[in-house]
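For reference, positions follow the sequence shown, starting with 1.
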Amino acid sequence: LPQFAHIGDQILARAVIHNQSQHSGGVVVKLELDDKARANSTNEQIQIGAGGSEVAEFPVTFTAAGPAKWIWRAWFADAPREFTDATECSLDVGFVSPLLHQTISQTVDGLSTNLFARANPQFLAGTGTVTIRVSNTRLSELGEAVSQLLHYPYGCAEQTGSSMLPWIVLSDVPALRSVMGGRSNDAARAINTGVERLFSMQTPGGGLGYWPHARHPMLWASAYGAMVLTLAQQRGGRLPEPEFDKLLSGLSAQLRKPDGNQGSLSDTCLALYALALAGRAEPGYHEKLFSMRGQLSAEDQALLALAILQANGPTEMARELLTTNRTSRRVEPDGFDCAPRGLAIRLLAWIRFQPESREVASLFDALLREQGDAHWGTTQGDAWALLALTEYSRRVEGALQPAAGELRWRGETIPFRLDPEQPLFDKTFFLKGDSDPLPAIMNSSSHRLYASAAFEIRPPGTAQPRQDEGF
């Protein structure tokens, strides 16, 4: 037998029977299959002479995935108790088609909403699971972004810092506990692990390199790392004070390098925000960058406005940065650019500047429109969106209002109730591709609800149609 197989594979299961006795005659060979395979016939009688060997074969088709265990049995037809033998064999049965993931989100404004209206028909025809979530806060839409941040595989400064953010903001927004599930109990340990790894990238001058044990600092890594570490400290995280002070001093020193290699203007704006957040504001550099605002992108201007506002600087400077010169662009875009990051940073700045303004609502909607498969495509997109939306929840959305409704699925009615202590309802169902489930969410309250469906599906067949995902 092979070591593995896939659903739909057909093989000849073959056994060699050795007759080591002095007895000749008919030998009954039986193959006992489990639920992973089927065969038209699993019994055969063959003639074997004394000391001889013969082969028995059975055509088998694999029908289900999982570990398969089969038992072969053989005995003489005329002496079944005296001459008999058996053996067990095992192999793993897998799928031909890959496991596909898709998450769709929808706002439930009216009485009823069909959540699968925009689902890929390929998913509805496959087999797997779908998890339906309903919440009374937009933070429920952060579930996939949080998952992406927690599971990115690389340990560079950018992904180390970004993967810490869900744990850091957890204390600010209890609704995220439902999104993160049981993992929310690991917050302190996860933050401490991230802190240790970031400081393993500290260079002799205090700044951070991009990888552990770096010899030379990178301004962007120093600024982003300092921002994340400050946020962790503000929420109760423990930092090694000498190393953190050295990082902030090193970051300040990097701004003052006379050789012009201090990094792009974008990195400088991020550094100024990180220093202001840590209580080490640089008002002189605020003035300098403000005078160069025509060379800054809208994202850079928002970062500079955040630095000024954090340092309680002139409000008019922040207003000028946020309301004019939006069409400017970087001369040299950095490697972390993405549209969601720019929108999220501008949203953060406007929330800090005027949380009740129409611009906040406009940027909020624009950021959500940038979602694809319920996240923002890159660690930077997901990280800054997480910061912006949790700040939106805290300063704009305010206290959550109770809500109630029903989820209807294949004739079953499942009631749910949402409140500040339990802001998320979720339920997982199995899909078998045999019928269209058409789930309906009934909103019996006057408040808007937010729903999502997360599919994990294996599509039918082996040859899949072309998929247009917008690339």
Side-chain angles (χ1 to χ4, degrees), residues 161 165 168-169 172 206-208 217 219-237 239 241 243-257 262-326 328 341-342 344-357 359-360 363 383-384 387-388 390-392 394-396:
L165 290 175
I168 291 171
V169 302
D172 277 354
L208 300 182
L219 180 57
W220 187 91
S222 300
Y224 191 65
M227 181 194 76
V228 172
L229 290 168
T230 300
L231 292 173
Q233 185 184 58
Q234 290 175 349
R235 288 156 177 81
L239 305 183
E241 289 299 331
E243 288 86 348
F244 186 50
D245 182 73
K246 189 176 181 181
L247 168 59
L248 297 178
S249 298
L251 182 57
S252 182
Q254 284 179 269
L255 294 175
R256 291 168 167 76
K257 284 188 176 180
Q262 73 270 28
S264 70
L265 292 175
S266 176
D267 296 346
T268 303
C269 291
L270 178 60
L272 292 175
Y273 175 51
L275 288 167
L277 199 63
R280 300 279 193 93
E282 297 275 2
Y285 277 90
H286 297 172
E287 295 280 355
K288 178 180 178 180
L289 269 292
F290 181 76
S291 69
M292 302 169 63
R293 59 190 179 279
Q295 302 177 42
L296 304 179
S297 71
E299 177 185 314
D300 298 336
Q301 293 177 52
L303 280 170
L304 182 56
L306 277 168
I308 293 169
L309 293 169
Q310 185 67 37
N312 296 318
T315 304
E316 288 306 313
M317 288 175 63
R319 184 189 305 276
E320 174 73 14
L321 289 165
L322 294 175
T323 58
T324 62
N325 199 26
R326 295 189 189 175
S328 60
R341 185 182 77 165
I345 290 174
R346 289 170 57 199
L347 176 58
L348 265 176
W350 271 97
I351 292 172
R352 187 77 166 78
F353 177 54
Q354 288 181 353
E356 302 300 326
S357 71
E359 190 68 18
V360 168
L363 288 168
W384 284 100
L387 289 176
T390 51
E391 190 71 2
Y392 178 89
R394 191 167 67 90
R395 290 177 176 260
V396 180

For [X] and [Y], work out which heavy atoms get closest and say how close.
X	Y	value
A388	I351	O-CD1, 3.8 Å
Q254	S222	OE1-OG, 3.0 Å
L247	G207	CD1-CA, 4.1 Å
Q310	R352	CA-NH2, 3.6 Å
Q301	L321	OE1-O, 2.9 Å
A271	L251	CB-CD1, 3.8 Å

Is there a side-chain contact between [X] and [Y], using heavy atoms and a 4.5 Å cut-off?
X	Y	result
M317	R293	no
L165	I168	yes
S252	R280	no
L272	L303	no
M227	L387	yes
E359	T323	no
D300	L289	no
T230	F244	yes

> By ring pair (Phe, Tyr, Trp, His ring centres under 6.0 Å), which residues pair with F290, not counting sequence neighbours?
Replying inline: none
Quick check for you: to the nearest 0.5 Å, what is the distance between [X] atom [atom1] and [Y] atom [atom2]?
X	Y	atom1	atom2	result
S266	L304	OG	CG	11.5 Å
Y224	D267	OH	CG	13.0 Å
L265	Q295	CG	CD	6.0 Å
L277	L229	CG	CG	11.0 Å
L208	E243	CG	CD	11.5 Å

> Donor-acceptor pair, E391 side chain versus L348 backbone, under 3.5 Å?
Replying inline: no
>> Using a 3.5 Å distance criterion without hydrogens, assess whether the side chain of Y285 forms a donor-acceptor pair with backbone atoms of L255.
In response: yes
>> Enumerate the salt bridge (charged side-chain N to carboxylate O under 4.0 Å, His left out) contacts for residues 307-317, please, sequence neighbours excluded, ordered by first and then second residue.
In response: E316-R319
> Which of parallel (below 30°), tilted (30 to 60°) and perpendicular (above 60°) describes F353 and W350?
Replying inline: perpendicular
>> Using the side-chain contact (heavy atoms from CB on, under 4.5 Å) criterion, which residues pair with A302? Sequence neighbours excluded.
In response: L322, I345, R346, A349
